[in-house]
Amino acid sequence: MRAILGIETSCDETAASVVVDGREIRSNVVASQVDIHRPFGGVFPEVASRQHVLDIVPVIQQAMIEAKATWDSLDAIAVTRGPGLVGSLLVGANVAKTIAWARALPLVGVNHLEAHLYANWLYTERPGFPPPEQPVFPLLCLIVSGGHSDLLWMSDHGKYRVLGRTVDDAAGEAFDKVARLLGLGYPGGPAIQKAAVGGDARAFDLPRAMWNEGYDFSFSGLKTAVLHLAQGRGAALKGRQAKGKDSPWKRPAASESPDLPSDLLLADLAASFQAAVVDVLVEKTRRATEEYGAREVLLAGGVASNALLRQEMIARVKASVRFPPPALCTDNAAMVAAAGYFRRVAGDVAMWNLDVEPGARLDEMA
Ligand code: KG4
Ligand code: ZN
């Protein structure tokens, strides 16, 4: 049995987790900063790093207590080294180094995108139920988060080939920006998913950029198309983003702002936007599945918790589709511990000069 303490501070979640043998979650503690950043409509980097400093020690202590782990029972410390916000990454990296040095434990540096993928290896023990089967290589992987949209071919642990990635906005970034311009608040993905319920996804014919151009994605034109539609239909953007007392991004009642689109129009816009993003992600994954003969597709990253994406991927892709539960799609440290385990098994242990890599990519690790 090998227990790894994972530490994640790449963006706006301070997280720590103990995972055994790279798969079984013993604890998974996340201190979310969403409420702190909401007034800014996005993550405020300096505020994020200061909050990580405040939260990191209690979060690690909580993860150790919940896992009933002792420092002696740990086999290694795994920490996200990038990509992410430099100030935020530095907090986790320095705490991880300190613990590893003080407890004479090996230190493993983990790529955050690889960690998202390894959320698909995780499970929580349920008495009477065997652990789920592990994903079988080779795999097609779609990582869709706030900062990335990558379609990858994964031939083995740690071995990736990039088939496509976004040329401008990431999928999650598009959700966040469109939610913001529609006055739906932050984070945008869950807000748009909720607003789209009951909306007609065919109400607006939105662009599917780069549809016939390989496996790269582009979402910035789609965002602009929604902006023009919303403006054209009388969405009072300035009025809607005016700061209120309690909830700055709260959507005012239609009676207070008669030029707002009706809730129905909003639902149609949200549904049409969501369908356009999902359509492109699913179609490119479907084509790659056929071209490469993939038998299994892994979804990962915050956008992988989108219900329509999951549903359409299962319906249209002729391969078995796996995705983590929503709490493991968004940032957490269990995925860092899982990826760290497989890196450690491969002999990949960091030196004391481990540094953060805010712009790290996955193909460079292969
Ligand atoms: O993976 P993640 O937690 O952080 C990054 O590494 O970026 O992803 C956060 C992103 C945000 O852009 C958020 O709006 C999006 O994931 N997201 C969703 C949903 N839940 C989170 N996007 C669409 N539908 C959702 N249900
Ligand atoms: Zn992430």
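In this text, all values refer to a predicted model and were calculated from it rather than measured experimentally. When a ligand or atom number is given, it counts from 1 through the structure's own listing order.
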Next item on the list: Would you check the N or O atoms of Gly172, main chain and side chain alike, for any that come under 3.5 Å of an N or O of ligand 1?
Entry: yes
Notebook entry, point to check: Can you find an N or O of Phe175 that's nearer than 3.5 Å to an N or O of ligand 1?
Noted result: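 No; every N/O pair is 3.5 Å or more apart.
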Margin query: Looking only at N, O or S atoms in His112, which is nearest to the Zn ion (ligand 2)?
Written below: NE2
Next item on the list: Please find the N/O/S atom of Asp331 nearest to the Zn ion (ligand 2) and write down its name.
Entry: OD1
Margin query: Main chain of Asn332, side chain of Glu13: is a donor-acceptor contact present, judged purely on distance under 3.5 Å?
Written below: no
Nearest protein heavy atom to [atom], by residue and atom, and its distance?
{"atom": "atom 12 (O) of ligand 1", "value": "Asp176 OD2, 2.7 Å"}
{"atom": "atom 24 (N) of ligand 1", "value": "Asn306 ND2, 3.0 Å"}
{"atom": "atom 18 (C) of ligand 1", "value": "Gly189 CA, 3.4 Å"}
{"atom": "atom 6 (O) of ligand 1", "value": "His112 NE2, 3.1 Å"}
{"atom": "atom 2 (P) of ligand 1", "value": "Asp331 OD1, 3.5 Å"}

Next item on the list: Grab the two heavy atoms, one from Ala76 and one from Leu105, that are nearest each other, plus how far apart they are.
Entry: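 That would be N-CD2, 4.3 Å.
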Checklist line | Minimum-distance pair of heavy atoms, taken over all atoms of Ala300 and His116 | finding: CB-O, 3.4 Å
Below 4.0 angstrom from a heavy atom of [X], which ligand 1 atoms are there? Numbered from 1 as shown, please.
{"X": "Gln193", "answer": "24 (N), 25 (C), 26 (N)"}
{"X": "Thr330", "answer": "3 (O)"}
{"X": "Gly147", "answer": "7 (O)"}
{"X": "Gly146", "answer": "5 (C), 7 (O), 8 (O), 9 (C), 10 (C), 12 (O)"}

Notebook entry, point to check: Heavy atom of Ser305 under 4.0 Å from ligand 1?
Noted result: yes
Go through the side-chain N and O atoms of [X] and [Y] and say whether any donor and acceptor fall under 3.5 Å apart.
{"X": "Glu8", "Y": "Ser10", "answer": "yes"}
{"X": "Tyr118", "Y": "His157", "answer": "yes"}
{"X": "Asp12", "Y": "His52", "answer": "no"}

Between side-chain atoms of residues 210-219 and protein atoms elsewhere (two or more places apart, or another chain), which donor-acceptor pairs fall under 3.5 Å?
{"from": "Tyr215", "atom 1": "OH", "to": "Glu291", "atom 2": "OE1", "distance (Å)": "2.6"}
{"from": "Asp216", "atom 1": "OD1", "to": "Arg165", "atom 2": "N", "distance (Å)": "2.9"}
{"from": "Ser218", "atom 1": "OG", "to": "Asp168", "atom 2": "OD2", "distance (Å)": "2.6"}

Checklist line | Asp355 and Arg81 ion-paired at < 4.0 Å | finding: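 No, no charged N to carboxylate O under 4.0 Å.
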Notebook entry, point to check: salt bridge (Lys or Arg N to Asp or Glu O under 4.0 Å): which pairs involve residues 309-321, sequence neighbours left out?
Noted result: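 The answer is Asp279-Arg316, Glu283-Arg316, Glu290-Lys318, Glu312-Arg316.
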Check: Ring centroid separation for Phe273 and Phe204, is it under 6.0 angstrom?
Finding: no
Notebook entry, point to check: Between CG of Asp268 and CG of Asp200, what distance do you get to the nearest 0.5 Å?
Noted result: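 Between atom CG of Asp268 and atom CG of Asp200 there are 5.5 Å.
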Margin query: Taking 4.0 Å as the limit for heavy-atom contacts, which would you say applies to Glu13 with ligand 1: side chain only, backbone only, both, or neither?
Written below: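 Under 4.0 Å from ligand 1, Glu13 contributes no heavy atoms.
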Next item on the list: Pick one of side chain, backbone, both or neither for how His116 approaches ligand 1, counting any non-hydrogen atom pair under 4.0 Å.
Entry: side chain
Notebook entry, point to check: atom 21 (C) of ligand 1: which of Gly302, Gly42, Ser32 has the nearest heavy atom?
Noted result: Gly302
Check: Counting backbone and side chain alike, does Cys11 bring an N/O/S atom below 2.8 Å of the Zn ion (ligand 2)?
Finding: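 It does not: Cys11 brings no N, O or S atom closer than 2.8 Å to the Zn ion (ligand 2).
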